[in-house]
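The figures that follow rest on heavy atoms only: side chains count, while hydrogens, waters and symmetry mates do not. Throughout, residue positions are numbered sequentially from 1 according to the sequence presented. Just so we're clear, the structure is a prediction, and the values are computed from it rather than from any experiment.
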Amino acid sequence: MKKNKNIKEKKIKKKNKIITFILPVIAIIALLVIQAFCDLELPEYTASIINNGIQQNGIDCAVPEVLTEELYNAIMRITDKDKIIKNSYKLLEKEKLSKDDLKEVSSKYPVIKKENIYILQNLKDEEKYVLEEKIIKPLIITMMLKNNNESLKSMLMINLQEDNSLLNFLMVLDETTFDNIITAVNERLNNLDDSIIKQYGVISVKDLYTLVNIDMNKYQMNYIISNGIKMLIVAGIGMLVAILVGYLASKVAARISYVLRDKVVKKIMSFNQTEFKTFSLSSLITRATNDIEQVKHFFIMMLRTVVFAPIIGIGAFIKVYDNPLNWLIAVALISILILLSVLFSLSMPKFKSMQKLLDKLNLVSREIITGMPVIRTFGTERYEEKRFDKANLKLTKTNLFINRLMGIMMPSMMLVMNIISILIVWYGSKEIDLGTLQIGTLLAFISYTMQIIMSFLMISMLSIMLPRAIVSIKRIKEVLKMELSIKETIEPKEFNKDKKGIIEFKNVSFKYPDADEAMLKNISFKATPGTTTAFIGSTGSGKSTLVNLVPRFFDVTEGEILVDGVNIKDVRIKDLRDKIGYVPQKGFLFSGTITSNLELGKDNLTEEELKTSAKVSESLEFINKKEGKFESEISQGGSNVSGGQRQRLSIARAIAKNPDIYIFDDSFSALDFKTDASLRKKLKKYASEATILIVAQRISTIMNADNIIVLNEGECVGSGTHKELMKNCEIYKEIALSQLKEDEL
């Protein structure tokens, strides 16, 4: 049953992962492809509007929409009745059209009122391209003949009457003569460049449209407006897609940072003292905040760049690969590559040191803030200011150096781009003069060149962020992959319910990982419910270490500790700690209210439970004096209450949990003797069925304990009641006499 539940949970997690990360990333990639397509189309529309719309009066190819019957017959004779041309046009005879149809056609082609016309069929772009190849030269020849081209007249040496044209003259010639003349004209056209022929073809179409009474101003405006609207639509789609990509990328990156923060904090929560010694607190804070932010920004940049930049760069290059100026792109990329190589070689070492310098600054700041009372007491403000300035100055200098380099980079890039633009215009104007390039095509080439350069820059910017992101990822990984010194058992056991609250140390020894000698040596004792076991000894004798072994803040080096008859290593850590109410040496409160602090051990405490725990811990009196009582605000760390009040609230928190075992690690040191005695008396009555462990420095605190264990240099040198130890343990007697008079003992 449990196995099936785990399988189901894994499936749910996998499904959530797909919904949270994989699907948005796929959507981003798809949207970036659309955005790149839109960006690549815009220069094409610009070139089309300039080349075709402005320069060519809206004529985008040398395929006329309409031909008069005379011109059609001439073209068919020149091409020997080419089937492609024949199948591409449909004859409209004015006599056979209805009045409505005639009116509709004449509004567009007024010439139909005078003669029959041939209309271009709906063709695909590929079919139109093939037709253009077939019709362009015959069309040029036909229009030159129709317009009585002077060069043709002189070449053919023909004198015409005023009312006649070359076309009419040639059309009545015999086939052989006609073919010879057309072949001669064709040979002359074949000597021209393809781009020149294309221009002649467009001019011929324009002359044809004028001949058939088409309003060319209106035709031109229709073309420009039509393409302008298409351009606006494409630009609008690109803008909307860019906004959506930005939103999705930010959402995915934010989710990644959320998951990372969650994992890092959960991992830190599982750390013990050994792990905390590996990482400083300031470093852990930086790793959980700034490092994750660096990773988040990198992912946003990566999601928006890694797919988009190659598509836009490769797409733009494909658009211009056959352009005579494409060698300038290579010049631009080589220049940028040299510039970026210099900047990267200078900035990379600084990027790598940024996080360490930030760690140092956080460490110094934390020490200054937390140690402010000591700093003021000893008057070391100037020294601490210098120490902070030193750390701050190193970080500032590094930031300034990097920012200056980045500040140099963008103007340098703009300089390269502007120089390349000038070179493109310079060499492009020569190509325009030769007739191998059009103005619109030149402007489109500039746009595509800028897109290629910008795509290269985007990848370069990503590579700038990459080293710092890699450093941050490694630092986060170090936390997540940290091997825990205290591990959960694979097959946890249950506590023995018949031995509730029993603690037993069996030949326990403990040595800190980085220590040469054992802190505790061969400690054995047993604590039972309803009894109080106290620990006393000189500073550094191992009292706190001993009680910290019970909740598994450390694991024993030798021997074993049993709770309820089970080795604490064989049960779940959470189950073990649920049985313990622990009060540390330094009472620590969290920001919130008194109630929220007391509910840390047990949720949803009743008003009666709150009052009882406060009463037993001698806290009720000062709580009632506060305006909000149990809802009174507690500042971070409990800084708005006194040391004694903070300690009593920490004790109340443990009492509210109502555990089987109480551990007080020198938790009465901030209390006066009267409060101390009263609190212990109430506690003994309230926790009469619980096991109590007390670490204390004051003899008065532990005199009434059922069992007192005296520690000296990690060894048990005495055990028993107060009276027994006064007789049998010299070390205990010395401690007692140093604190109280003999008659008080």
Flag, side chain of R287 to backbone of I476, donor-acceptor distance under 3.5 Å: no
Set of residues satisfying side-chain contact (heavy atoms from CB on, under 4.5 Å) with respect to K602, sequence neighbours excluded: L605, E609
K629, NZ: over 12 other non-hydrogen atoms inside 6.0 angstrom: no
Side-chain donor-acceptor contact under 3.5 Å, S613 with Y686: no
Pairs touching residues 546-555 that satisfy side-chain hydrogen bond (donor to acceptor under 3.5 Å, both in side chains), sequence neighbours left out: N548-Y582, R552-D555
Sequence-distant partners of E558, side-chain contact (heavy atoms from CB on, under 4.5 Å), two or more places apart: S509
Ring pair (Phe, Tyr, Trp, His ring centres under 6.0 Å) involving F664 - partner list, sequence neighbours excluded: Y662, F668
K543 with D665: basic N within carboxylate O range, under 4.0 Å: no
Flag, side chain of D262 to backbone of Y258, donor-acceptor distance under 3.5 Å: no
Under 3.5 Å donor-acceptor, S617 side chain and I651 backbone: no
CD/E478: more than 12 non-hydrogen atoms of other groups inside 6.0 Å: yes
Y247, OH: over 12 other non-hydrogen atoms inside 6.0 angstrom: no
Heavy-atom neighbours of K626 NZ exceed 12 at 6.0 Å: yes
Neighbour count >12 (heavy atoms, 6.0 Å) for atom CD, E713: no
Nearest-0.5 Å distance, CD of residue E384 to CD1 of residue I375: 4.0 Å
NZ (K682) with more than 12 external heavy atoms under 6.0 Å: yes
Main-chain N/O of S642 paired with Q645 side-chain donor or acceptor, under 3.5 Å: yes
Under the side-chain contact (heavy atoms from CB on, under 4.5 Å) test, residues paired with S365 that sit two or more places apart: L361, F388
Side chain to side chain donor-acceptor pair (under 3.5 Å) between Q647 and S667, intermediate numbers included: CA-CA 7 Å; Q647 202 164 64; S667 308; 5.7 Å; no
Which residues share a ring pair (Phe, Tyr, Trp, His ring centres under 6.0 Å) with F505, sequence neighbours left out: F525
Side-chain H-bond candidate by donor/acceptor type, E293 with S257, under 3.5 Å: no
OG1 on T593 to CD1 on I634, rounded to 0.5 Å: 8.0 Å
Side-chain donor-acceptor contact under 3.5 Å, E618 with S678: yes
Short N-O contact, K579 and D575, less than 4.0 angstrom: no
